[in-house]
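Structure first, then comments.
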Amino acid sequence: KPDKAGKPDDKGKPHDVVHVVPPPKYDTCDRDLELLDFSKATLLAKNLSGTYGGMLRYGSVATVQGITVDLVVRGIGTYAAFNSTRNGLYGDFGVLNLLQTTEGRLAFTFVNAATDEAIEIGPFYFSFFDLDSGDLGGGLGGESVTVDSYAAYQLRKGANIYTGKEFGFTKFVAEPMTPVKHPTLIAGLTEAQLLSSVTIVYPKTSSFTVNLDAPLGKGGRNFFFAGQSVLCCSARA
């Protein structure tokens with residue numbers, strides 16, 4: 001059964017600070033984590049439309065040991081956009097559009113900008129924003145993001161997001177609520193936007209996968225992502 005952020009679990013421990021997968025090797029205020037910056041990224045490829053159909057390539061999202069790193073996003077398993085022209089960049093964020101009533105599985109891969117070879121980076125922050133129930137569906141059918149193979153995650157105290165765990169995967173589900181305004185500035189998130197966000201810490205890797213789900217309504221949903229957020233550590237925001 002999902003737990004709402006900020007409410008105690010069956011052991012009486014709060015779910016409103018940092019959630020760590022044991023052993024707690026990293027936390028969300030680790031000053032040695034790699035930083036991904038989409039505010040200065042360039043969109044080098046924008047032809048992701050469906051499963052195994054094209055890709056998104058974000059140029060210069062990080063620099064690791066003097067190497068410029070790009071991020072490539074491809075659909076795997078199932079993925080269908082309602083409006084693929086919305087995929088790409090939006091302010092300081094990357095954005096993925098998903099056809100409602102569908103689930104999309106996507107692979108995120110870091111590559112050497114000069115050689116196109118996969119490159120390991122990390123540990124690093126990766127955040128999702130604007131998880132809400134949208135304008136359609138009568139406030140039902142909240143967006144969700146499912147991840148695995150991470151080290152830790154953090155939600156705002158009282159977040160409008162439920163979490164559930166099964167078979168090694170963690171699912172973040174937006175509760176029925178008033179739609180949240182799309183974010184544009186990573187350093188200018190409102191309290192409502194923070195309550196609809198989650199920051200994840202991934203260990204060193206060259207790739208990771210994410211499931212996006214928009215269960216109800218007509219049209220499409222936009223999922224916004226970036227590197228760190230104010231959820232990571234107030235001293236770094």
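Computed from a predicted structure; not experimentally measured.
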Would you please name every residue forming a salt bridge (charged side-chain N to carboxylate O under 4.0 Å, His left out) with [X], sequence neighbours left out?
X: Asp37; answer: none
X: Glu117; answer: none
X: Asp92; answer: none

Residues Glu191 and Arg156 bridged, charged N to O under 4.0 Å
yes

Tell me if the aromatic rings of Phe223 and Phe128 count as close, with their centers under 6.0 Å from one another.
no

How far apart are the C-alpha atoms of Gln228 and Thr199, what are their side-chain angles, what is the distance that settles it, and do they pass the side chain to side chain contact (heavy atoms under 4.5 Å, CB included) test?
CA-CA 7 Å; Gln228 72 166 356; Thr199 290; 5.8 Å; no

Taking the side chain as C-beta and beyond, is there a heavy-atom pair between [X] and [Y] under 4.5 Å?
X: Val173; Y: Ile161; result: no
X: Glu143; Y: Asp213; result: no
X: Leu36; Y: Leu71; result: no
X: Ser127; Y: Val198; result: no
X: Thr209; Y: Asp148; result: yes
X: Val69; Y: Ile121; result: yes
X: His182; Y: Phe224; result: yes
X: Phe124; Y: Leu33; result: no

Students should find that the hydrophobic cluster of Leu44, defined by side-chain heavy atoms under 4.5 Å apart, otherwise consists of none

Taking ILVMFWY side chains as joined if any heavy atoms are under 4.5 angstrom apart, and letting links pass through other members, which residues group with Leu99?
Phe82

Asn97 pairs by side chain to side chain donor-acceptor pair (under 3.5 Å) with which of Asn222, Thr85, Asn87?
Asn222

Set out, in order, the CA-CA distance, both residues' side-chain angles and the distance that settles side chain to side chain contact (heavy atoms under 4.5 Å, CB included) for Leu155 and Thr163, then state yes or no.
CA-CA 10 Å; Leu155 297 163; Thr163 62; 3.8 Å; yes

Distance check, rounded to the nearest 0.5 Å: Leu96 atom CG versus Leu48 atom CG?
6.5 Å

For the OG atom of Ser133 and the CZ atom of Arg221, what is their distance to the nearest 0.5 Å?
6.5 Å

Apply the test side chain to side chain contact (heavy atoms under 4.5 Å, CB included) to residues Asp132 and Asn160: give CA-CA distance (whole Å), side-chain angles for both, the deciding distance (0.1 Å), then the verdict.
CA-CA 8 Å; Asp132 61 15; Asn160 297 316; over 6 Å; no

Of all residues at least two apart in sequence or in a different chain, which pass the ring pair (Phe, Tyr, Trp, His ring centres under 6.0 Å) check with Phe225?
Phe38, Tyr58, Phe108, Phe126

Would a single hydrophobic cluster contain both Val73 and Val111, if residues Ile, Leu, Val, Met, Phe, Trp and Tyr are joined by side-chain heavy-atom contacts under 4.5 Å?
no

